[in-house]
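Single-structure report; data block below.
What you see is a predicted model; the values in this text were computed from it and never measured. Sequence positions, counted from 1, serve as the residue numbers for this chain.
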Amino acid sequence: RYCYNNDVSFLCFDYRGHGQSSGHFIDCTMHDWVTDASDMLDYVGQDSNVILIGSSLGAWISLVLAMQRPDVITAVIGIGSAIDFTS
């Protein structure tokens, strides 16, 4: 509500296989989810003032994405980061 009430743009989405998104969790990989988040950055444009907020797996993906896209992402807020799922 803060963003809406203060004219701040935001985007909330579910990774594939999560929440309201299509697909099945078991069929997805970390690469898929990082790609989903990167695609969302491309969708909203190349604003260089993006703050990513993620919880659990989303927090970890936000950190990975911030390393890949430092030209776009200025900050990351991670809530209850999940472990490194790459190994």
Can you get from Tyr43 to Val72 by hopping between Ile, Leu, Val, Met, Phe, Trp and Tyr side chains that sit under 4.5 Å apart?
->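 Yes: a chain of side-chain contacts under 4.5 Å links Tyr43 to Val72.
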Test item: side-chain donor near acceptor, Asp32 and Thr29, under 3.5 Å | yes
Please walk me through it: do Arg69 and Asp42 pass side chain to side chain contact (heavy atoms under 4.5 Å, CB included)?
-> CA-CA 11 Å; Arg69 305 284 300 268; Asp42 293 337; 3.0 Å; yes
Supply the atom-to-atom distance Asn6 CG to Arg1 CZ, rounded to the nearest 0.5 angstrom.
-> 13.5 Å
Between atom CD1 of Ile61 and atom OG of Ser38, what is the distance when rounded to the nearest 0.5 Å?
-> 11.5 Å
Taking the side chain as every heavy atom from C-beta outward, state whether Val64 and Met30 have any atom pair closer than 4.5 Å.
-> no
Does a side-chain heavy-atom distance below 4.5 Å link Leu52 with Leu65?
-> yes
What are the two closest heavy atoms between Gly54 and Ala59, and how far apart are they?
->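 For Gly54 versus Ala59, the nearest heavy atoms are O-CB, 3.2 Å.
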Counterpart residues, side-chain contact (heavy atoms from CB on, under 4.5 Å), relative to Ala66 (two or more places apart) |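 Per chain and number, Ala66 pairs via side-chain contact (heavy atoms from CB on, under 4.5 Å) with Ile73, Val76.
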For Ile53, all residues meeting side-chain contact (heavy atoms from CB on, under 4.5 Å), sequence neighbours excluded |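 By the side-chain contact (heavy atoms from CB on, under 4.5 Å) rule, Ile53 matches Ile51, Ile77, Ile79.
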